[in-house]
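Read the structure below first, then the notes.
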Amino acid sequence: MDSSLGGQGTEKLPRPCGSNLGRSRGIRTHLSCLSQKSDSLSDFSTLQNDAKHSQALKRLTAEEARRWARSFDLLLSHKYGRSAFRAFLQTEFSEENLEFWIACEDYRKTRSVNKLPAKARRIFQEFIDVQAPREVNIDYPTREMTKRNLAHPTLACFDLAQLRVRSLMERDSYPRFLRSQIYNDLLSHTQKSPC
């Protein structure tokens, strides 16, 4: 075949950005992120250089940071633990998992029943739907059940999907976070800081 047909010849060339591949949009997004992200995200300096986080780090104690290693729930329940975990997930290009979990927590706190349908649709379109901009990795039955739940949204309509994503983070990302340079530098920093 002629290689001028958008990379569809016998050569293994990347397809043009406009080609209609099943997951091309997500792949392009991740590849563009790769070119924009620096290696500095893999260490603690990312948190130190961020003005919002640097003030928080001054208040973080070594005991609080060590506590995050005891349980994933303790990490998620701590504001600065979530920030450090988010910085780590960015290095793995999987921060959408934490963002989805946080969106579900926020959704569950919705007081007005009238706001549930719009909020549920937004979360579904952003994280759950096939080809969503920040699509999380969940199985087909969970995706379909969540989609059915949108017909009559309740505060629990994302519970199964949130549980699946939380389990994935706890099983895969959390152990790597505890071994990461970000977490180890954070521990070192808090141990040097006066309490």
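Values reported hereafter were calculated over all heavy atoms of this structure, with side chains retained and with hydrogens, waters and symmetry mates removed.
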Flag, side chain of Y183 to backbone of A65, donor-acceptor distance under 3.5 Å: yes
Hey, do the aromatic rings of F158 and Y107 have their centres closer than 6.0 Å? yes
Going through the checks in order, is the salt bridge (charged side-chain N to carboxylate O under 4.0 Å, His left out) test met by R134 and E95? CA-CA 9 Å; R134 300 197 294 170; E95 67 267 22; over 6 Å; no
Using a 3.5 Å distance criterion without hydrogens, assess whether the side chain of D129 forms a donor-acceptor pair with backbone atoms of A132. no
Should C104 and F127 be marked as a side chain to side chain contact (heavy atoms under 4.5 Å, CB included) after you check the CA-CA gap, both sets of side-chain angles, and the distance that decides it? CA-CA 10 Å; C104 291; F127 297 104; over 6 Å; no
Run E126 and F100 through side chain to side chain contact (heavy atoms under 4.5 Å, CB included) and show every step you take. CA-CA 9 Å; E126 187 171 347; F100 171 68; over 6 Å; no
Distance-only donor-acceptor check, side chains T146 and N149, under 3.5 Å: no
Measure across A120 and L150 and return the closest heavy-atom pair with its distance rounded to 0.1 Å. CB-CD2, 3.5 Å
Hey, quick one: are Y140 and V130 part of the same hydrophobic cluster, counting side-chain heavy atoms closer than 4.5 Å, chains of contacts allowed? no
Would you find a donor on one side and an acceptor on the other, under 3.5 Å apart, between the side chain of N184 and the backbone of S180? yes
Restricting to non-hydrogen atoms, name the atom on N97 and the atom on V165 that form the minimum distance, rounded to 0.1 Å. O-CG1, 3.5 Å
Donor-acceptor contact below 3.5 Å, side chain Y80 vs main chain E64: no
Could you measure the distance from the NE2 atom of H78 to the OG atom of S83? Nearest 0.5 Å is fine. 9.5 Å
Work out which heavy atom in V136 is nearest to a heavy atom in E96; give both atom names and the distance. CG1-O, 3.7 Å
Taking L116 as the starting point, is it possible to reach M145 by hopping between hydrophobic residues whose side chains are less than 4.5 Å apart? no
Check the pair F177 / L75 against side chain to side chain contact (heavy atoms under 4.5 Å, CB included), numbers first and verdict last. CA-CA 11 Å; F177 168 72; L75 175 71; 3.8 Å; yes
Salt bridge (charged side-chain N to carboxylate O under 4.0 Å, His left out), that's the test. Do K109 and E105 meet it? Break it down for me. CA-CA 7 Å; K109 295 174 188 170; E105 290 296 298; 5.6 Å; no
Do the side chains of S173 and R176 get nearer than 4.5 Å, heavy atoms only? yes
Test item: S167 side-chain N/O and L163 main-chain N/O as donor-acceptor pair under 3.5 Å: yes
For a quick check under 3.5 Å, do K119 and T110 share a side-chain donor-acceptor pair by atom type? yes
In the single-linkage hydrophobic clustering (I, L, V, M, F, W, Y; side-chain heavy atoms under 4.5 Å), do I102 and L76 co-cluster? yes
Roughly how far apart are Q181 CD and F88 CZ, rounded to 0.5 Å? 11.5 Å
Should L187 and I182 be counted in the same cluster of Ile, Leu, Val, Met, Phe, Trp and Tyr side chains packed under 4.5 Å apart? yes
For a salt bridge (charged side-chain N to carboxylate O under 4.0 Å, His left out) check, start with the C-alpha distance between D73 and R166, then their side-chain angles and the critical distance, and finish with the verdict. CA-CA 10 Å; D73 289 327; R166 186 201 175 286; 2.4 Å; yes
Side chain to side chain contact (heavy atoms under 4.5 Å, CB included) between R108 and Q162, intermediate numbers included: CA-CA 11 Å; R108 195 176 289 113; Q162 185 184 22; 2.5 Å; yes
Shortest non-hydrogen contact between W68 and A84, atoms and distance: CZ3-CB, 4.2 Å
Between D139 and T142, does a side chain to side chain donor-acceptor pair (under 3.5 Å) hold up when you go through it step by step? CA-CA 6 Å; D139 57 276; T142 301; 2.9 Å; yes
What is the distance from atom CD of E99 to atom CD1 of I123, rounded to the nearest 0.5 Å? 12.0 Å
Nearest heavy atoms of A161 and I128, plus distance in Å: CB-CD1, 4.0 Å
For a 4.5 angstrom cut-off between non-hydrogen side-chain atoms, does R164 reach N137? no
Looking at E63 and R70, what are the two nearest heavy atoms and their distance? OE2-NH2, 2.7 Å
Hey, quick one: are L178 and M169 part of the same hydrophobic cluster, counting side-chain heavy atoms closer than 4.5 Å, chains of contacts allowed? yes
